[in-house]
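Okay, so here's the structure we're looking at.
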Amino acid sequence: MRIHQEGNHLSGAEDLVPLRDVEQVMASFSKRFLPLLREERDRPLQQIVTIDPVSEKDILRRPLLAVQTLNSDSTEETGTMLSALLDPLLPAGKVEPVLAIFQNEIMGTPPRNGAVISTSTGTILQHGMTGGIRTTHVGCLPALRKALEKELDRFFRKPNYRFVEALVLASKVISSGSVLLEICASDDPDYTTGYVASPLFGYVRLPHMKKQGLRRGGRLYVISPETRIPDLLTFLRSTPVLFDRQSPVNHLRTHPRLTAIPSLNETFSPEGPWL
Ligand code: PML
Ligand code: MG
């Protein structure tokens, strides 16, 4: 379910659920968006519902990325850490050009409907440059989603209500095997936490990714040189991926400023069948 205003994406929610749960999930998404739809505004919003039936045999099952969080009190501290995280993920000398793309194309222009893609050497790909690439067809086992949501207030400073959906999306993007890293800042002016996702560090939550009140944000996917772009786009846009388990933290690269959160990582074991 997506909420648009004159073709611009404002908010969205999606899941991969058995047929018998569709009605209930739709009702819960509608309830979530009702306050937004009721807000008074000069231009009306559109509520767009898409139901895309997929066969169970086509669903890939994957573990979520492991989660770490940065302890930071300012955008300056977070900026320094962002460069330190990108350094081992990119070829020598490419941190600056990639961060410049993030600053110019994501933080320097009005929000797009999806992600921008660049190569690890700092070239922007034209695919979806205007509207951006939207990653869809993701889901998370309900018990796993609940287990994650239960832990949030214990470990994260608020606001944190966007965390689980961002983790699910980033986990799909990185599971493609072609995306070396993703950098994200929310376009919500009141939500200042962002993240960097990568196979090496997992999902690193970054408080103070941007200043409060800034209506700018979005996602940058940085891909490896061997990437076959059409295959990547097909995977991101239409391959159904269900996240059904957490990831162990023991394979993660970490850093003295990062805290890995075990209970968001390896404690969950699914109960019973999904279907
Ligand atoms: C978005 O608004 O779509 C981005 C959400 C980023 C969530 C970061 C977090 O809370 O971990
Ligand atoms: Mg968003």
Side-chain angles (χ1 to χ4, degrees), residues 2-12 14 46 48 50 52 60 65 79 82-83 85-138 162 165-166 168-189 194-200 203-204 206 209-210 214-241:
R2 308 207 174 275
I3 308 297
H4 281 197
Q5 187 170 43
E6 293 176 348
N8 295 318
H9 173 93
L10 286 193
S11 198
E14 95 163 82
Q46 295 86 45
I48 299 161
T50 309
D52 190 359
L60 305 179
L65 286 171
L82 187 56
S83 305
L85 284 173
L86 262 46
D87 194 57
L89 301 173
L90 290 171
K94 297 303 174 192
V95 173
E96 257 184 51
V98 166
L99 281 178
I101 294 176
F102 186 72
Q103 287 311 333
N104 297 334
E105 297 299 329
I106 307 292
M107 302 312 288
T109 59
R112 298 164 202 274
N113 285 343
V116 171
I117 298 190
S118 94
T119 64
S120 55
T121 51
T123 306
I124 304 172
L125 300 188
Q126 293 312 309
H127 295 269
M129 253 305 276
T130 43
I133 310 296
R134 278 209 85 78
T135 298
T136 63
H137 293 67
V138 286
R162 292 179 181 275
E165 279 174 15
V168 169
L169 277 177
S171 297
K172 178 172 182 185
V173 171
I174 299 300
S175 80
S176 69
S178 303
V179 179
L180 299 173
L181 68 109
E182 175 187 348
I183 315 176
C184 168
S186 177
D187 53 9
D188 179 339
Y195 64 84
V196 170
S198 66
L200 197 62
Y203 179 100
V204 181
L206 299 171
M209 184 72 168
K210 67 174 195 178
L214 197 61
R215 201 174 287 280
R216 289 287 158 91
R219 292 172 158 89
L220 175 65
Y221 301 158
V222 182
I223 58 172
S224 71
E226 302 82 45
T227 302
R228 285 183 36 89
I229 315 273
D231 293 353
L232 174 64
L233 296 184
T234 302
F235 175 77
L236 296 176
R237 289 168 164 160
S238 56
T239 302
V241 183

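Nothing here was measured: the structure is a model prediction, and the numbers come from that model.
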How long is the straight-line distance from [atom2] of [Y] back to [atom1] of [X], given to the nearest 0.5 Å?
| X | Y | atom1 | atom2 | result |
| --- | --- | --- | --- | --- |
| L90 | L99 | CG | CG | 8.0 Å |
| S178 | R228 | OG | CZ | 10.0 Å |
| I117 | T227 | CD1 | OG1 | 8.5 Å |
| E105 | I124 | CD | CD1 | 4.0 Å |
| S11 | R162 | OG | CZ | 6.0 Å |
| K210 | M107 | NZ | CE | 5.5 Å |

Check: [Y] and [X] side chains under 4.5 Å, non-hydrogen atoms:
| X | Y | value |
| --- | --- | --- |
| T239 | H137 | no |
| E182 | L169 | no |
| T50 | T136 | no |
| E14 | R2 | yes |

Answer yes if the side chains of T135 and Y221 hold a donor-acceptor pair under 3.5 Å, and no otherwise.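 Yes, because at least one side-chain N or O of T135 sits under 3.5 Å from a partner of the opposite role on Y221.
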
For side-chain contact (heavy atoms from CB on, under 4.5 Å), just list the numbers for L86 and V95, CA-CA rounded to whole Å, side-chain angles, deciding distance to a tenth of an Å, and then say yes or no. CA-CA 6 Å; L86 262 46; V95 173; 4.1 Å; yes

Looking at every heavy atom in both [X] and [Y], which two are closest together, and how far apart are they?
| X | Y | value |
| --- | --- | --- |
| V179 | I174 | O-CD1, 3.8 Å |
| V222 | S120 | CG1-CA, 3.6 Å |
| I229 | L125 | CD1-CD1, 3.1 Å |
| K172 | L236 | NZ-O, 3.1 Å |
| E165 | G12 | OE1-O, 3.8 Å |
| F235 | S175 | CZ-OG, 3.6 Å |

Hey, is CD on E96 packed in by over 12 heavy atoms from elsewhere, all under 6.0 Å?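 At most 12 heavy atoms, drawn from other residues, nucleotides or ligands, come within 6.0 Å of this atom.
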
Is there a donor-acceptor pair under 3.5 Å between the side chain of S171 and the backbone N or O of L65?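 Such a contact is found between S171 side chain and L65 backbone.
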
Looking only at atom types and distance, does a side-chain atom of N113 sit under 3.5 Å from a main-chain N or O of H9, one as donor and one as acceptor?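 Yes; judged by distance alone, with no hydrogens or angles, the pair exists.
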
